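Before any comments, here is the structure.
Computed from a predicted model, the values in this text were never measured in an experiment. Just so you know, these numbers use all the heavy atoms, side chains as well, and skip hydrogens, waters and symmetry mates. Each chain gets a letter, A, B and so on, in the order the sequences are listed, and its residues count up from 1.
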Amino acid sequence: MNKAIGILEVSIAKALSELYSISNAPIPIQKTRNEFEGDYTLTTFAYTKETKKKPEDLGNEIGNYLVKNNSNISAFNVVKGFLNISFNDAYWCNYLSAVVSEKYTGFKKQNSSGRTVLLEYSSPNTNKPLHLGHIRNNLLGWSVAEILKANGHKVIKTNIVNDRGIHICKSMLAWQKWGNGETPSSSGIKGDHLVGKYYVEFDKAFKKEINELVEKGLNKEEAEKKAPLIIEAQEMLQKWEKGDTEVKELWKTMNSWVYAGFDVTYKTLGVEFDNIYYESETYIKGKDIVTDGLAKGVFVKKEDGSVRIDLTADGLDEKVVLRADGTSVYITQDLGTAVLRFNDFPDLSQAIYTVGNEQEYHFKVLFLILDKLGYKWAKECYHLSYGMVELPEGKMKSREGTVVDADDLLEEMFATSKQTTAELGKVEGFSDAELEELYRTIGLGALKYFMLKVDPKKKMLFNPKESIDFNGHTGPFIQYTHARIKSILRKANEQNIPVIVSKDLNQINSLERDLIKFIYEFEHTVEESGATYSPALIANFVYELTKTFSRYYHDHSILKEENETVKQFRLALIEQCAHIISNGMHLLGIKVPEKM
RNA sequence: GGUCCCGUAGCUCAGCUGGAUAGAGCACAAGUUUUCUAAACUUGCGGUCCUUGGUUCGAUUCCAAGCGGGAUCACCA
C-alpha cells in the first residue's frame with residue numbers, strides 16, 4: 001500500500017463529502033505524468049454528473065480544499081479534468097530521512113507473512129543438456145522465489161528431476177548400441193552433453209527406421225509404433241520399472257554423468273535448490289495414488305488394462321493415468337510428487353510450478369485430478385506459466401539441433417563482457433581474480449536482465465546472430481550506474497562527509513524529488529511483482545530509476561556541491577538509490593559490482 | 001474442429017485496476033568529455049496501438065466478431 005496515496009484518498013474523501021456530500025465514491029488516483037507538475041493526479045470526470053459542475057471547477061475546488069486542510073500538500077494545478085497534486089518537499093525529505101539508514105527499503109521482514117511457499121523450477125530431463133529455454137525457467141524461478149521472500153514468505157526452492165521414463169531409455173539404448181564405452185572422462189565431453197549426444201543419435205536412427213517402414217507401405221503413425229528401436233526402448237523401460245539390475249546400473253551411471261554436468265551449469269548460472277525430488281522416487285507414490293483412486297472410483301480400469309479418468313464433464317478430455325502395460329506416464333509421477341511434497345511439508349501454503357505455457361493443459365488436468373482425489377491443498381497449487389523462448393525461425397527443437405545451448409551461451413556472454421571491458425579500459429588496479437569475477441558478473445547481468453525484463457507470460461525472441469546488448473536498457477547499464485554511485489560514496493567516505501538528511505534542508509530539485517519517489521515506490525513494486533509473479537516489474541522499475549539517476553548524475557555534481565547540507569542530502573539520496581538498485585537486481589539474481 | 005494465448009515505431013519490448021499529446025532501448029542522423037567512471041547524457045527521425053463494431057464523459061486497455069500468428073487437446077515429457 002502506498003502511504004502517500006492513502007493520505008490523499010482520505011483527504012479527497014473528506015473533500016468530496018464536505019464540498020459535495022458525496023460519499024463512497026471511487027477515488028481514481030494515478031501518478032502524475034512526467035510532462036505535468038505534480039506528484040499524484042485525481043481525475044475529476046467521475047464527479048461531474050452528481051455535482052453538475054465542470055471538471056475544471058471540481059479540480060480547483062478540491063485542490064484548494066486539499067492545500068488548506070492537508071499540511072503535506074503544497075500545491076495543485078488543474079488541466080481539464082485532471083487535478084495534479086504536489087506534496088511539499090518536506091514530506092519527501094522526511095521520507096528519505098526515515099529510511100536513510102535502512103539497507104532493505106521496500107522489503108518485508110523475513111518470514112513475516114506466515115506463509116510457506118514451495119517453488120519448483122528448473123525440472124530438467126536427464127537425457128539432454130540445458131538450453132536457453134531452461135535458462136529462462138531457472139532465472140524466472142529463482143527470481144520469483146527471491147521476490148516472494150522479499151514479500152515476507154518462507155520459500156522452499158525445489159527441483160524435480162525427470163530422471164526416468166522412455167526418453168532416458170532412448171539415450172541409454174543408443175549408448176549401449178553405439179557408445180563403445182565412451183565416458184565423460186574418456187571423451188572429455190561434459191556429462192550432460194555426452195548423454196544428449198546419444199539421445200540425438202537415437203532419434204536419427206529411429207527416424208531412419210520409420211522412413212524405411214513407411215517405404216514398405218506402413219503409414220507414419222504405425223511406423224512410429226513398430227520401429228524396432230522404439231520397441232526396444234519400451235522394453236528397457238519395463239525392465240527399469242521391474243528393477244532389472246543391468247538396466248538400473250547403466251541408468252545410474254549415465255545419470256551421474258548428467259548430474260555432474262548440470263551442477264556446473266547451475267553453479268555458473270548461480271541457482272540453487274533447498275531440496276531436490278527425483279521422479280524415479282516419486283513415480284511409485286504416483287502408482288499408489290492411482291491404486292487408491294481406483295478403489296475410490298475416481299479412476300476407471302479399461303479392458304485393455306489402462307487406467308483412466310473421464311474429465312469430459314469438466315470440459316476436458318479423458319486422460320490416461322497409467323499405461324496398459326502398467327508403467328507410469330508423466331501425470332502419474334506428478335500426482336506422486338505433489339502428494340509427497342505436501343506430506344513432507346505439512347504447513348505449505350502454496351506450491352508453485354515454474355513450467356512453460358505449453359503445459360497449461362497438463363497442469364489444469366493435474367490440479368483437477370488432485371482435487372477430485374480429495375486433497376484440500378489442490379487449490380493451492382499454481383502453475384507459474386511462462387512463454388517459450390523462440391528463435392527467428394521459430395521454436396527451438398532439441399531433436400533437430402536448433403537449440404541454443406546454455407553452456408555455450410554463458411561462455412559467449414563471458415567472452416563478450418571480457419572484450420567489452422577491455423575495450424573500455426577502466427579496470428586499472430583489478431587483480432586477475434577480480435577481473436574474472438567482473439567478467440562473469442557483467443556477462444550474467446546482461447543475460448539475466450535480457451531474459452527477465454520481458455513479461456514472463458509472453459513468449460520472447462532470441463536472435464543468436466545479434467549478441468545481447470551491453471548498452472541502453474540492459475543489465476550492464478544498471479550495474480555500471482551502481483558502480484558510479486559507489487565510487488562517489490567511497491570518495492565521500494574518504495573525505496569523512498556525513499551522509500544525512502538535515503532538517504535545515506528546505507528545497508530539493510525536481511530530479512531529486514523524482515528519485516525519492518522511486519525509493520518510495522519500490523516497496524509497492526516488490527508487492528506487485530510478488531502478487532503477479534513478475535520479475536519484469538522489478539526489472540523495468542530499476543531501469544527507470546537508473547535512467548533518472550543517470551540524468552541527475554549528468555546534471556548535478558554531488559561532491560562538488562558547495563552547500564554542505566545539500567551535499568550531505570545528495571549523498572543520502574544516492575546511497576538509497578544504490579541500495580534500491582542493488583536490492584532490485586538481487587531479486588533478479590543479478591550481482592552489482594562496486595567498480596567496473 | 002474444441003480450448004487457451006498473442007498482435008503497440010524498421011527490430012526487441014514497456015504501458016498498473018479504462019484517463020492528458022501512446023513510452024523506452026537498439027538501429028539511423030547530429031551534438032556533449034581539462035568537471036564525481038562517455039557501458040553515460042542531450043536532440044532529431046520513426047505509430048492506422050491488426051480490422052470493424054459495441055459499452056463509456058473518455059478505450060492501446062473492457063466486450064463481440066473478423067483477420068493474422070502460436071500453443072494445446074498422446075498409453076511423449
Which nucleotide in the set [options] lies at the smallest distance from any side-chain heavy atom of [X]?
X        : options             : result
A/Leu537 : B/G15, B/G70, B/C73 : B/G15
A/Glu358 : B/G23, B/U37, B/U72 : B/U72
A/Tyr543 : B/A40, B/C36, B/A24 : B/A24
A/Lys491 : B/C73, B/C36, B/A40 : B/C36
A/Lys80  : B/A24, B/U21, B/C36 : B/U21
A/Asp455 : B/U37, B/U35, B/A14 : B/A14
A/Glu35  : B/C36, B/C13, B/G23 : B/G23
A/Glu360 : B/G25, B/C4, B/A20  : B/C4

Taking the [atom1] atom of each, how far is [N] from [M], in whole Å?
N     : M     : atom1 : value
B/G7  : B/U48 : C1'   : 14 Å
B/C67 : B/U21 : C1'   : 30 Å
B/C4  : B/C13 : C1'   : 23 Å
B/C62 : B/G19 : P     : 10 Å
B/G54 : B/U61 : P     : 14 Å
B/C36 : B/A22 : P     : 39 Å
B/U33 : B/A38 : P     : 12 Å
B/C57 : B/G66 : C1'   : 29 Å

So, does [X] get its side chain near the phosphate of [N], meaning an N or O under 4.0 Å from OP1 or OP2?
X        : N     : answer
A/Lys595 : B/U37 : no
A/Ser550 : B/A40 : no
A/Lys364 : B/U72 : no
A/Arg551 : B/U42 : yes
A/Lys458 : B/A14 : yes
A/Asn540 : B/G15 : no
A/Arg570 : B/C36 : no
A/Lys31  : B/A20 : no
A/Arg484 : B/A38 : yes

Check every strand shown and say whether [X] touches a base, only sugar-phosphate, or nothing at a heavy-atom separation below 4.0 Å.
X        : answer
A/Asp555 : nothing
A/Val79  : base
A/Leu559 : base
A/Phe477 : sugar-phosphate
A/Ile442 : base
A/Leu461 : sugar-phosphate
A/Phe470 : base
A/Thr532 : nothing
A/Ala483 : base

Please state how far atom [atom1] in [X] lies from atom [atom2] in [N], giving the value in whole angstrom units.
X        : N     : atom1 : atom2 : answer
A/Gln359 : B/C5  : CD    : C1'   : 16 Å
A/His554 : B/A38 : NE2   : P     : 9 Å
A/Leu452 : B/C13 : CG    : C1'   : 14 Å
A/Arg33  : B/A20 : CZ    : P     : 5 Å
A/Lys395 : B/A71 : NZ    : P     : 6 Å
A/Asn471 : B/U37 : CG    : P     : 19 Å
A/His556 : B/U35 : NE2   : P     : 19 Å
A/His524 : B/C16 : NE2   : P     : 13 Å

B/A20 pyrimidine/purine six-ring stacking with A/Phe36, under 5.5 Å and 30°: yes
Aromatic stack A/Phe82/B/A20: centroid gap under 5.5 Å, interplanar angle under 30°: yes
Salt bridge flag under 4.0 Å for residues A/Glu434 and A/Lys595: no
Close aromatic pair by centroid cut-off 6.0 Å: A/Tyr198 and A/Phe202: no
B/A20 base / A/Thr41 side chain donor-acceptor hit below 3.5 Å: yes
No-H, no-angle donor-acceptor pair, A/Asn84 side chain to B/A20 base, under 3.5 Å: yes
Which residue lies more 5' along RNA chain B, comparing A/Tyr330 with A/Tyr553 via nearest heavy atoms: A/Tyr553
5' precedence on RNA chain B between A/Arg308 and A/Met596 (nearest-nucleotide basis): A/Met596
With no hydrogens and no angle check, just 3.5 Å: does a side-chain donor-acceptor pair link [X] and [Y]?
X        : Y        : value
A/Asn255 : A/Thr126 : yes
A/Gln238 : A/Gln234 : no
A/Arg33  : A/Thr41  : no
A/Thr327 : A/Glu241 : no
A/Asp317 : A/Tyr361 : yes
A/Thr481 : A/Thr546 : no

Heavy-atom pair with the smallest gap, counting every atom of A/Lys364 and A/Leu316: CD-CD2, 4.1 Å
Within 45° cone and under 6.0 Å: A/Arg136 NZ/CZ vs A/Tyr386 ring: no
